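Every chain is numbered from 1 and lettered A, B, ... according to where its sequence line falls, protein lines coming before strand lines. Everything numeric here is computed off the predicted structure, so don't read it as measured data.
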2 protein chains.
Amino acid sequence: MAISFTEENYLKVIHRLSEATSEDISTNAVAELMQTKAASVTDMLRKLADKGWVNYQKYQGVRLSPAGEKIALSIVRKHRLWEVFLVDKMGFNWDEVHEIAEQLEHIESDELVQKLDAYLGFPKTDPHGDPIPNKEGILPELAYLHLSDIKAGKNCILMGVAQDSAVFLQLLTKLNLSLGAKLAIMEINEFDRSFFVSINDAEPIFISHEVAKNILVKILA
Amino acid sequence: MAISFTEENYLKVIHRLSEATSEDISTNAVAELMQTKAASVTDMLRKLADKGWVNYQKYQGVRLSPAGEKIALSIVRKHRLWEVFLVDKMGFNWDEVHEIAEQLEHIESDELVQKLDAYLGFPKTDPHGDPIPNKEGILPELAYLHLSDIKAGKNCILMGVAQDSAVFLQLLTKLNLSLGAKLAIMEINEFDRSFFVSINDAEPIFISHEVAKNILVKILA
DNA sequence: TTTATTTTTTAGGTTAATCTAAAAAATATT
DNA sequence: AATATTTTTTAGATTAACCTAAAAAATAAA
C-alpha cells in the first residue's frame, strides 16, 4: 500500500514514543513531536488505523500494529544508516547529520538500503550510539546505562547519547566527549548531582546532571 | 523562497524541454513529461510565474527565468551526482539508477552536495555521459554527435546516450555497448539506415537506426 | 460524587496539487 | 475570410494534510 512521507513520520514518532513506555500513546504526545495540533493527529490516527498500521480507539490512545512496527523500523534503519554514511563517508560532524537524515530516510529502494549497509561495513550503531535495526527489523537491545545512574569511582565507556539535538552534541564535542571516550567518575556533588569526570585520563572536568542524564555508557569490568 | 518537490519537478521538465529548442515551451509538452493534464499545468505555470521562476503569458508558452534556470540546474546537478554515486560507489548498473536519483535529487543540503561532489572526485559526467553542472550552474557543453549522423568508415568513442530509459540501457548492455567503447562503423544499410558496427574490435554487429540515434559519440582523430 | 480541568474529538474551513468538462483563444483548412 | 480543429484556459470538484473553535469524553479536584 502506498505511504506518504507524512504517514511515515507519524509512524516513526509513534514508534519513538512507544520505546519509552508500554502504555498506549496519547494524541497530545504525538502532536507535540509532530509539531502539529491534536485535531490533525486525530484525523491521521484514524487514517493510519484504516490502513492497518496502528491500533486506535478514540480517547484510548494509539499503538503500532505489527505492520506499522515493521514500517517504522525500516525508517529508523534507513535514518541511522544514512547518518553513518554522512559521518563516515561525507565527513560531517555528529551534530550536523540529523536534518539531512530526516530527508534521506524516506528514499524508497530496498536494494539501495542493502547496498548502503554493505558499503558501510554493516554498522551496528549510528554516530550517536543508537542501534541500527537489521533487515528483518530486529533491533539489537544494547541496554546501556545513563551516566547519571552510575556511582562515583566507576570507570565506563561512552556508548551513546539519549538525544540528538545539535546544541547538546556540540556541547559534548566541546567537552571532548565522543563515542568510545573513557570516563572515570571522580566525584558526584550532592548539591546539584553534578559530576566531576576525567575523560580519557585527562584533568577532571565538570558535567551537569542534565548532561549526565543524556549520556549512555557501559561500565568497565 | 520555499519550493515543493512538485515545483522542482516542473522546473526540471521545463529545463529539459528548453534544451532541445529556443522556442517557448507549450503547456501540452510540459503536461506530457509531467504525466499530468494540461489544466493542471496551467495552474502550476501561473504559480511558478508568481514566484518569479518562469516567464509565462497565457496562450504564449513558458520559459525559465534566470532564477528558475538556476534552480533547475541545481536539481540536474544533484540528480547526476547521485547517479554517479549509485553506480560508482553502490555498484548499481547504469539502467537501474534513474528512479532512485529522481528521489535523491530533492534532498536539500548544499553542504552535502559539495561533499558528495568531492567524494566522487568531481566527476564531469554522469553514468550516461550527461554533463554535470558545476556549483555555479554552468553546464560544460560537450557537443557530442549522434552515431546516426556519422559516416561509414569512421571510428569513434561512445561518450553518452540521448535517453535514460531502462529498456534502452539494458539493450546497450546486452550489445556490449558501454561508455568509452570504441565503435568502428563498417557499413550503413541504405534500406533502413541500420548500422554494422564493430565494438572494441570484435566481430561487427547489427544496430538499428533507432539505437544509433540515441548513442552519442566523439569521432577519433 | 459533583464540579472543574484537561484531553480528545467533531465540525467546518484552508491550501496545494490534481482532475473533468466546458469555454475561449490560437492555428489550420477549406 | 469563414469554418473546423487543436490547444489552452477557466470553472468547479476532489484529496491529503493541515487549521480553529466548539463539543464531548476522560480525568482530577473539591
Side-chain angles (χ1 to χ4, degrees), chain A residues 1-15 17-18 20-21 23-64 68 71-72 75 102-103 105-106 108, chain B residues 1-15 17-18 20-21 23-64 68 71-72 75 102-103 105-106 108:
Chain A
M1 192 172 338
I3 187 168
S4 69
F5 284 15
T6 306
E7 289 168 338
E8 290 193 346
N9 285 331
Y10 270 93
L11 293 178
K12 191 180 60 166
V13 155
I14 297 166
H15 177 263
L17 291 165
S18 300
T21 174
E23 314 263 299
D24 286 6
I25 306 306
S26 77
T27 301
N28 266 353
V30 174
E32 187 177 5
L33 270 196
M34 283 298 298
Q35 309 207 81
T36 184
K37 296 299 155 77
S40 310
V41 174
T42 300
D43 285 350
M44 182 55 84
L45 294 185
R46 178 163 297 136
K47 178 151 67 136
L48 295 176
D50 285 348
K51 293 195 171 187
W53 295 329
V54 301
N55 297 114
Y56 165 68
Q57 312 251 80
K58 55 171 156 170
Y59 295 108
Q60 301 308 131
V62 68
R63 64 174 56 196
L64 292 175
I71 295 170
I75 299 164
E102 290 279 303
Q103 301 179 60
E105 72 191 4
H106 300 295
E108 200 184 331
Chain B
M1 189 172 342
I3 187 167
S4 68
F5 283 16
T6 306
E7 289 168 338
E8 290 192 346
N9 285 331
Y10 271 93
L11 294 178
K12 191 180 59 165
V13 155
I14 296 166
H15 177 264
L17 290 165
S18 299
T21 173
E23 314 264 298
D24 287 7
I25 306 306
S26 75
T27 301
N28 266 354
V30 175
E32 187 177 6
L33 269 197
M34 284 298 297
Q35 309 208 78
T36 185
K37 296 298 154 80
S40 310
V41 174
T42 299
D43 285 350
M44 181 56 83
L45 294 185
R46 176 163 298 135
K47 179 151 68 133
L48 295 176
D50 286 347
K51 294 195 171 188
W53 295 328
V54 301
N55 297 113
Y56 166 68
Q57 311 253 79
K58 58 170 154 170
Y59 295 107
Q60 301 309 132
V62 68
R63 62 175 57 196
L64 293 175
I71 296 170
I75 299 164
E102 290 279 302
Q103 301 179 59
E105 71 190 6
H106 300 294
E108 201 182 330

To the nearest angstrom, how far is [X] atom [atom1] from [N] atom [atom2]?
X: B:Q60; N: C:dA24; atom1: CD; atom2: P; answer: 18 Å
X: B:D43; N: C:dC19; atom1: CG; atom2: P; answer: 10 Å
X: A:L48; N: D:dA16; atom1: CG; atom2: P; answer: 12 Å
X: A:I25; N: C:dT8; atom1: CD1; atom2: P; answer: 11 Å
X: A:Y59; N: D:dA26; atom1: OH; atom2: P; answer: 7 Å
X: B:K51; N: C:dT15; atom1: NZ; atom2: P; answer: 14 Å
X: A:D50; N: D:dA16; atom1: CG; atom2: P; answer: 11 Å
X: B:L45; N: C:dT18; atom1: CG; atom2: P; answer: 11 Å

Can you classify the ring geometry of B:F5 versus A:F5 as parallel (below 30°), tilted (30 to 60°) or perpendicular (above 60°)?
perpendicular
Say you draw a straight line from [atom1] of [X] to [atom2] of [Y]; how long is it, rounded to the nearest 0.5 Å?
X: A:T6; Y: A:I3; atom1: OG1; atom2: CD1; value: 10.0 Å
X: A:R46; Y: A:L48; atom1: CZ; atom2: CG; value: 11.5 Å
X: B:Q60; Y: B:T27; atom1: CD; atom2: OG1; value: 10.0 Å

With respect to the phosphate group of [N], does any side-chain polar atom (N or O) of [X] fall under 4.0 Å of OP1 or OP2?
X: A:R46; N: C:dT9; value: no
X: A:K58; N: D:dA24; value: no
X: B:N28; N: D:dT6; value: no
X: B:K37; N: C:dT18; value: no
X: B:Y56; N: D:dT8; value: no
X: B:T27; N: D:dT9; value: yes

Nearest-nucleotide pick for [X], side chain only, options being [options]:
X: B:M44; options: D:dT9, D:dA26, C:dT18; value: C:dT18
X: A:T6; options: C:dT18, C:dT10, D:dC18; value: D:dC18
X: B:A39; options: C:dT10, D:dA24, C:dT20; value: C:dT20
X: A:S26; options: C:dT8, D:dT8, C:dT18; value: C:dT8

So for atom CD, which belongs to B:E108, do other residues, nucleotides or ligands contribute more than 12 heavy atoms lying within a distance under 6.0 Å?
no
Just to be sure I understand the rule, does [X] reach a base, reach only the sugar-phosphate, or reach nothing, if contact means heavy atoms closer than 4.0 Å?
X: A:S40; value: base
X: A:T42; value: base
X: A:Y10; value: sugar-phosphate

Below 4.5 Å, heavy atoms only, C-beta onward: do B:N9 and B:E105 meet side chain to side chain?
yes
